[in-house]
2 protein chains.
Amino acid sequence: MTTSPRGGGKRPAPVPRVRLVDVAREAGLSKTTVSAALNGTGRLSDAVRLHARETARRLGYRPNASARLLRAGHARLIGYAVREYVDTPWSYMESPYFAQLTSASAQAALAHGYALVLLPTHSARDEWADLPLDAAVMADPLVGDPLVEDFLAARIPVVSDRRVEGRPGAHWVDVDHETAIRGVLDHLEAGGARRIGLVGAHSTSLFYEAGLTAYQAWCRERGFPPLVGLAPHPSTQATRAAIDLLLASPDRPDALFILIEDSPLSILDAIRAHGLRVPEDLLLACVSDDPMAGRTDPPITTLSLRPSEIATVGMELLINALESGDRTPTGRLVETRLEVRGTSRRGGGAEASGPPRTG
Amino acid sequence: MTTSPRGGGKRPAPVPRVRLVDVAREAGLSKTTVSAALNGTGRLSDAVRLHARETARRLGYRPNASARLLRAGHARLIGYAVREYVDTPWSYMESPYFAQLTSASAQAALAHGYALVLLPTHSARDEWADLPLDAAVMADPLVGDPLVEDFLAARIPVVSDRRVEGRPGAHWVDVDHETAIRGVLDHLEAGGARRIGLVGAHSTSLFYEAGLTAYQAWCRERGFPPLVGLAPHPSTQATRAAIDLLLASPDRPDALFILIEDSPLSILDAIRAHGLRVPEDLLLACVSDDPMAGRTDPPITTLSLRPSEIATVGMELLINALESGDRTPTGRLVETRLEVRGTSRRGGGAEASGPPRTG
DNA sequence: TTGAAAGCGGTACCAG
DNA sequence: CTGGTACCGCTTTCAA
């Protein structure tokens with residue numbers, strides 16, 4: 001009994017955890033045998049196996065995960081950070097897109113035997129350097145994201161939900177922005193819109209950049225005036241301000257396409273505050289994965305980015321890379337879904353003042 | 001250069017990671033010295049320290065986290081599971097309460113130097129046995145939750161957002177249900193309600209149990225009839241069904257108190273489908289942390305459980321226990337907040353048909 | 001000021 | 001069928 005902890009002090013001395021050797025000694029066996037017995041490996045007699053297990057159970061033995069990890073060489077842990085919200089850390093869970101992306105990522109990871117570790121949006125290196133991460137998911141990375149650089153430099157494969165240049169270990173999933181944005185704009189145009197206002201955000205996020213670019217190209221082709229309202233950051237207040245700016249301007253748009261995922265009700269409110277009716281005075285389409293958008297009055301036409309799909313596909317790519325050890329970058333596009341609802345349909349019929357240009 | 005990996009094969013052979021010893025050899029120093037140099041420990045000449053660091057940088061050395069963990073004896077990792085949604089895993093992120101609880105927990109953990117690991121709601125032991133968890137957060141645990149038992153048996157401290165019996169290592173934060181529920185009921189009564197319907201859920205979650213108990217006691221004291229609608233689980237559909245049942249009954253309530261956190265709009269819809277006006281025909285109060293509740297028409301009176309507060313306090317308790325090694329259970333109550341809004345105020349004045357009983 | 005060596009707690013060879 | 005032993009990669013005495 002040389003190692004028995006003597007409980008003498010007031011404060012319950014940190015009870016030394018039961019280790020494998022303790023079980024072995026108690027059972028009169030060797031570490032090896034007990035390990036094999038508990039893991040179901042090796043060829044052991046049933047009697048010994050049972051005895052080892054029983055002893056372990058009796059002592060309340062729990063294998064030390066860190067030790068196993070070191071031995072195994074991997075932790076089956078995947079880091080997860082939402083980069084877009086660098087300034088307002090953590091608030092992202094309240095965004096349906098990120099809420100769904102997060103839970104779907106966790107779910108997909110678990111399905112492959114990995115667990116997700118939540119990292120702060122502003123994550124500096126020392127926040128995760130001590131974590132045994134096998135890979136990382138970067139949601140909505142910045143342009144030339146330093147955190148992504150860090151991971152890659154550490155040879156930790158990364159998947160992001162925005163297209164990135166193909167560097168070793170950098171995988172991505174994305175929506176086809178061009179097609180998606182144009183799809184919405186075409187739809188609004190078909191509904192009679194000729195002056196479509198775009199509400200985006202000033203942000204280093206790739207999403208708004210791509211959206212803006214596609215929008216401007218589309219407008220140029222049509223000869224439509226580009227009407228852009230840029231929020232300094234993707235928040236409800238800033239979005240509202242951007243909408244206000246656009247709607248108060250002398251050349252008021254006849255349709256609005258909101259790139260910022262904001263509360264459907266809040267957007268409707270903002271518009272109505274200008275005395276405009278939707279869809280009679282103004283057509284509306286929003287990028288949103290909020291189920292609420294289908295329940296407002298009128299229900300809002302949305303472009304769904306399908307975060308669950310993105311997460312599932314992304315995790316697939318990541319796990320493949322991880323388990324094959326192949327660092328050649330992979331990527332995949334997932335389809336968006338345009339949910340046409342009341343806010344982009346005028347009175348059930350076409351009210352277009354001219355035929356939509358084709359081509 | 002005896003160990004230099006020769007790149008010859010087509011497939012980039014899994015490049016052996018650079019280890020401390022590799023850096024040491026390259027720098028012509030010992031492991032010890034390099035380790036000290038990188039960690040800023042020990043007494044080394046500036047020249048050596050710099051040289052070691054430079055070499056490490058040049059080789060792209062990253063310390064192996066698993067090895068450090070084993071050495072350190074802890075991983076600074078905290079497991080997190082939402083237990084209530086056992087049947088519908090992961091959907092919880094779309095609930096404002098859990099979204100806020102989750103992000104606030106992650107944030108609080110990080111602030112203490114820990115990271116949160118997302119566990120599935122149905123988490124069996126083998127899902128986390130391999131994870132080097134120092135502690136765990138159990139959101140909305142079941143009664144006699146087996147997962148909690150597992151953690152405690154493994155001597156892993158647990159904090160939950162529901163009061164639990166004081167077993168070693170089991171910490172908790174909770175709201176004072178009794179006071180909170182009674183506060184809402186009193187408020188509704190003061191607004192003239194005499195037949196308050198309660199919508200709860202059939203669930204092993206402690207929350208609904210406590211709510212129901214408090215409600216029944218309150219009704220008994222007042223001599224008011226208990227009108228309870230129980231959803232089989234806390235979903236929008238089930239909630240709506242429960243509301244329907246209550247409102248369609250011959251003794252229709254004149255006020256509704258919804259314990260299930262559901263979409264504010266959906267609840268309002270459900271009520272209006274019965275041709276009832278809020279608050280004229282029916283007073284309404286909901287348990288909710290959805291900011292949207294303040295923006296509906298009319299805005300909804302809510303009981304906020306203050307998940308961020310709960311998470312912060314809970315994490316504090318947990319970290320304290322962790323770092324002091326003290327397993328004596330601790331617990332704390334946090335205050336709820338009753339946000340009185342339009343749905344529980346009739347026309348700005350009291351319309352009570354009788355004086356509210358006091359006592 | 002620097003380095004050798006002993007662990008941290010398991011797992012997996014290979015010899016008996 | 002079972003047990004000694006060498007590792008996994010890092011930190012930390014302690015001796016030189």
Side-chain angles (χ1 to χ4, degrees), chain A residues 3 14-53 55-56 59-76 129-134 154-156, chain B residues 3 14-53 55-56 59-76 129-134 154-156:
Chain A
T3 60
V15 184
R17 277 182 53 106
V18 180
R19 294 158 307 161
L20 192 60
V21 286
D22 299 324
V23 179
R25 195 180 306 130
E26 175 76 15
L29 295 168
S30 77
K31 291 197 328 176
T32 312
T33 308
V34 177
S35 173
L38 296 180
N39 294 323
T41 59
R43 263 168 300 283
L44 303 182
S45 70
D46 285 359
V48 168
R49 178 150 300 182
L50 239 58
H51 178 223
R53 287 200 167 147
T55 310
L59 299 190
Y61 168 72
R62 305 284 169 154
N64 179 314
S66 300
R68 287 186 141 173
L69 260 35
L70 174 57
R71 190 72 210 154
H74 61 250
R76 306 192 80 84
D130 285 330
L131 299 176
L133 302 182
D134 293 340
R155 305 190 66 82
I156 293 179
Chain B
T3 59
V15 184
R17 276 182 56 106
V18 180
R19 295 157 305 161
L20 189 62
V21 52
D22 298 322
V23 179
R25 194 179 306 129
E26 175 76 16
L29 296 168
S30 77
K31 293 197 323 177
T32 313
T33 308
V34 177
S35 173
L38 297 179
N39 295 323
T41 59
R43 260 167 301 284
L44 304 181
S45 69
D46 284 0
V48 168
R49 177 150 299 178
L50 239 58
H51 178 222
R53 286 198 169 149
T55 310
L59 298 189
Y61 167 73
R62 306 285 168 152
N64 180 314
S66 301
R68 288 188 140 172
L69 261 35
L70 174 57
R71 202 46 237 191
H74 60 252
R76 307 191 81 82
D130 285 331
L131 299 176
L133 302 181
D134 293 341
R155 306 190 66 83
I156 292 179

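Quantities reported herein were computed from a predicted structural model and do not represent experimental measurements.
Put simply, the side chain of A/Leu38 reaches to within 4.5 Å of the side chain of A/Arg53, judged on heavy atoms.
A sub-4.0 Å separation between OP1 or OP2 of D/dG9 and a side-chain N or O of B/Tyr61 is absent. Within the 4.0 Å cut-off from OP1 or OP2 of C/dT1, not a single side-chain nitrogen or oxygen of B/Arg43 is found. In this model, the phosphate group of C/dT11 is approached by a side-chain N or O of A/Arg68 to a distance below 4.0 Å at OP1 or OP2. Phosphate contact (OP1/OP2 of D/dC1, side-chain N/O of A/Ser45, threshold under 4.0 Å): absent. In this model, the phosphate group of D/dT2 is not approached by any side-chain N or O of A/Thr33 to a distance below 4.0 Å at OP1 or OP2.
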### Task
Would you check, one step at a time, whether the test side chain to side chain donor-acceptor pair (under 3.5 Å) holds for B/Thr33 with B/Ser30?
CA-CA 5 Å; B/Thr33 308; B/Ser30 77; 3.1 Å; yes

### Message
With side chain to side chain contact (heavy atoms under 4.5 Å, CB included) as the criterion, how do A/Leu20 and A/Tyr61 come out once you've worked through the C-alpha distance, each side chain's angles and the decisive distance to 0.1 Å?
### Response
CA-CA 7 Å; A/Leu20 192 60; A/Tyr61 168 72; 3.7 Å; yes

### Task
For side chain to side chain contact (heavy atoms under 4.5 Å, CB included), just list the numbers for A/Arg76 and A/Asp134, CA-CA rounded to whole Å, side-chain angles, deciding distance to a tenth of an Å, and then say yes or no.
CA-CA 6 Å; A/Arg76 306 192 80 84; A/Asp134 293 340; 4.3 Å; yes

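One can place CG of B/Asp130 at 9 Å from P of C/dT11, the figure rounded to the nearest angstrom. Between the P atom of C/dT1 and the CG atom of B/Asp46 lies a distance of 10 Å, rounded to the nearest Å. Residue A/Leu70 contributes atom CG, which lies 13 Å from atom C1' of D/dT11 at whole-angstrom precision. Per the geometry, NZ belonging to B/Lys31 stands 13 Å off P belonging to D/dT12, to the nearest Å. Going from atom CG of A/Asn64 over to atom P of C/dG10 covers 5 Å, rounded to whole Å. Across the protein-nucleic acid pair, B/Leu20 atom CG and D/dC7 atom P stand 18 Å apart, rounded to whole Å. Straight-line distance from the CZ atom of B/Arg17 to the P atom of D/dG9: 9 Å, rounded to whole Å. A/Arg62 has its CZ atom 21 Å from the C1' atom of C/dC8, to the nearest Å.
Side-chain to base pairing of B/Arg71 with D/dG9: no donor and acceptor N or O lie closer than 3.5 Å to each other. A donor N or O paired with an acceptor N or O is found under 3.5 Å between the base of C/dA12 and the side-chain atoms of A/Thr32.
Among the atoms of the strands shown, only primed sugar atoms or phosphate atoms (P, OP1, OP2) are found under 4.0 Å from some heavy atom of A/Leu29. Among the atoms of the strands shown, none is found under 4.0 Å from any heavy atom of A/Val21.
Under the 4.0 Å criterion applied to side-chain N and carboxylate O atoms, A/Arg49 and A/Asp46 are not assigned as salt-bridge partners.
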